[in-house]
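Worksheet: one structure, shown below.
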Amino acid sequence: MKAFTFPRLMTALVAGVLATSLTACGGGSTDAAPNTDGTLSAGVLRVATLGDAKPYAYTENGTYKGFDVELLQAMAKKLNLKTEFVTQDFSGMLASINNKQFDVGASSIAITEERKKTVVFSDPYYIGYISVMTKKDAGIADEAGLKGKRLGLVQGTIQERYAQQNLPDTDIVRFPDNNAGYSALQSGTIDAQFLDLPVAQDYAAKNDKMSIPVEIPTSDQPAGFAVRKDNAALRGKLNTALKQVVDDGTWLKLYQQYMPTLPVPDQFKPKG
């Protein structure tokens, strides 16, 4: 019988201890369940949104609320996912999704060909209007009245694109969020503010000096939830969950709660 030398014996002992330690801490296990949710963290849907876009997404007493927020929460529940909302400037939202800081972007984001270069979108979940809000004494009654005026809007929105294409004689002033623009409108720094109609209605309801002389339908640019381009798995799950919340009436309930004055498109009415 050949005896072990001391170095060979020590090597065997050390290898055995390391193998036992790795197994105990899970380092050597191949049984860990993979993350099949399509999210950055298993079981959690991390969402980039706005905090001042009522009725779509806003904060109240530290809690995120709004049509987009609560619709996505209902969808996530169908998928057994928790939601984590984080306020993000709109201009950088899509890039932050593409850079894997967030799973989803949610704030009435219109589906455009330009944005599809950065992200992919879920099926449409909302069709709405954009509008121009002014002070009642501004002398602006229609789009023509905006000529030569200072028009505030949030950078990166479809309002910016529309103004660039259709209001060439208007002086565009860009803001990071709606509240900054509204403050400028109140102070007289700008003459008008370009907003989604329900957002403008919310501001005007709180200030009787404001009016909304311009309303523009956006049926050609419905809103969708933005997802990273290579994340087909999550996009598919969101589309399945969206269909479920439309069919069970959850979508309609939230829509009538947050947009009670707008008509209900046929595609979002409950089935059966």
Side-chain angles (χ1 to χ4, degrees), residues 36-39 43-50 53-58 60 63-85 90 93-94 97 102-113 115-116 119-131 157-158 195-202 215-229 231-272:
T36 59
D37 296 325
T39 55
V44 179
L45 189 67
R46 183 171 168 82
V47 186
T49 190
L50 299 179
K54 192 174 182 179
Y56 305 117
Y58 62 100
E60 187 175 278
T63 300
Y64 284 92
K65 293 185 176 182
F67 177 72
D68 286 49
V69 170
E70 292 170 52
L71 180 66
L72 195 54
Q73 286 175 330
M75 292 166 58
K77 188 175 181 180
K78 300 283 188 184
L79 300 173
N80 295 315
L81 294 174
K82 296 180 180 179
T83 51
E84 178 183 326
F85 291 88
F90 191 87
M93 188 178 293
L94 300 188
I97 295 163
F102 300 95
D103 297 303
V104 179
S107 187
S108 188
I109 306 173
I111 302 171
T112 67
E113 292 304 315
R115 289 171 179 169
K116 287 180 182 179
V119 296
V120 294
F121 287 92
S122 69
D123 291 337
Y125 68 87
Y126 174 73
I127 297 172
Y129 291 78
I130 54 178
S131 64
T157 60
I158 60 170
L195 299 153
D196 279 2
L197 178 57
V199 179
Q201 289 175 330
D202 182 68
E215 298 180 4
I216 304 163
T218 60
S219 56
D220 61 329
Q221 293 182 326
F225 295 114
V227 180
R228 197 173 67 251
K229 288 190 77 170
N231 200 351
L234 181 58
R235 180 178 181 271
K237 289 176 181 290
L238 291 176
N239 286 341
T240 297
L242 175 59
K243 184 179 185 304
Q244 291 174 338
V245 297
V246 169
D247 289 348
D248 70 13
T250 300
W251 187 98
L252 181 60
K253 179 180 178 181
L254 291 171
Y255 186 79
Q256 291 177 331
Q257 175 184 347
Y258 285 106
M259 268 77 75
T261 64
L262 299 183
V264 180
D266 288 341
Q267 70 205 72
F268 297 120
K269 293 178 180 178
K271 306 298 188 296

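Excluded from the calculations below are hydrogen atoms, water molecules and symmetry mates; all remaining heavy atoms, backbone and side chain alike, are included. Sequence positions, counted from 1, serve as the residue numbers for this chain. Note that the structure is a prediction, hence the values are computed from the model and not measured.
Y126 and F268 get closest at one heavy-atom pair: N-CZ, 3.6 Å. Heavy atoms only, all atoms of each residue included: L45 and A76 are closest at CD2-CB, 4.3 Å. Across all their heavy atoms, T49 and A106 have their closest contact at OG1-O, 2.6 Å. Residue G38 comes nearest to D103 through the heavy atom pair O-OD1, 4.3 Å, listed as atom of the first residue, atom of the second, then distance. Contact detail for W251 and P265: the closest heavy-atom pair is CH2-CD, 4.3 Å. Listed here is the closest heavy atom pair of S108 and Y125: N-OH, 3.2 Å.
The shortest side-chain heavy-atom distance between T157 and I130 does not fall under the 4.5 Å cut-off. The shortest distance between side-chain heavy atoms of L79 and D37 does not fall below 4.5 Å. Using a 4.5 Å heavy-atom threshold, the side chains of D196 and S131 count as separate. Residues V264 and Y255 have side chains in contact (heavy-atom distance under 4.5 Å, counting atoms from C-beta outward).
K243 meets the salt bridge (charged side-chain N to carboxylate O under 4.0 Å, His left out) test with D247; sequence neighbours excluded. Residues that satisfy the side-chain hydrogen bond (donor to acceptor under 3.5 Å, both in side chains) test with K54, not counting sequence neighbours, are absent from this structure. In this view, A226 and L94, I97, I109, V119, F121 satisfy the side chain to side chain contact (heavy atoms under 4.5 Å, CB included) rule, not counting sequence neighbours. Scanning for side chain to side chain contact (heavy atoms under 4.5 Å, CB included) contacts around Q256 gives L252, with sequence neighbours left out. Annotation: salt bridge (charged side-chain N to carboxylate O under 4.0 Å, His left out) contacts of R115 (sequence neighbours excluded): none. Every residue meeting the side-chain hydrogen bond (donor to acceptor under 3.5 Å, both in side chains) condition with E70, not counting sequence neighbours, appears here in chain and number order: Y258. Annotation: side-chain hydrogen bond (donor to acceptor under 3.5 Å, both in side chains) contacts of E215 (sequence neighbours excluded): none. Remark: S122 pairs with no residue by the side-chain hydrogen bond (donor to acceptor under 3.5 Å, both in side chains) rule, at least two apart or across chains. Scored by the ring-ring contact (aromatic ring centres under 6.0 Å, His included) test, Y64 finds F85 as partners (sequence neighbours excluded). K269 pairs by the salt bridge (charged side-chain N to carboxylate O under 4.0 Å, His left out) definition with D266, not counting sequence neighbours. A search for salt bridge (charged side-chain N to carboxylate O under 4.0 Å, His left out) contacts involving D123 returns nothing, not counting sequence neighbours. Taking V120 as the reference, V227, K229, R235 meet the side chain to side chain contact (heavy atoms under 4.5 Å, CB included) condition, with sequence neighbours excluded.
To the nearest 0.5 Å, atom CG of residue L238 and atom CZ of residue F225 are 7.5 Å apart. Taking CG of L262 as the reference point, atom CD of Q201 lies at 6.0 Å (rounded to 0.5 Å). The distance from the CE atom of M75 to the CG atom of L81 is 10.5 Å, given to the nearest 0.5 Å. Once rounded to the nearest 0.5 Å, the distance linking OG1 of T39 with NZ of K82 reads 12.5 Å. Atom CG in L234 sits 11.5 Å away from atom OG1 in T36 (nearest 0.5 Å).
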Using the rule given for side chain to side chain contact (heavy atoms under 4.5 Å, CB included), can you reason through L50 versus Y56, listing the C-alpha separation, both sets of side-chain angles and the distance that settles it, and then say yes or no?
CA-CA 9 Å; L50 299 179; Y56 305 117; over 6 Å; no
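Tested against K78 for a side chain to side chain donor-acceptor pair (under 3.5 Å), the candidates T250, T240, D248 yield a single pass: D248.
Counted within 6.0 Å of OH on Y129, heavy atoms from surrounding residues, nucleotides or ligands total 12 or fewer; the atom is thus considered open.
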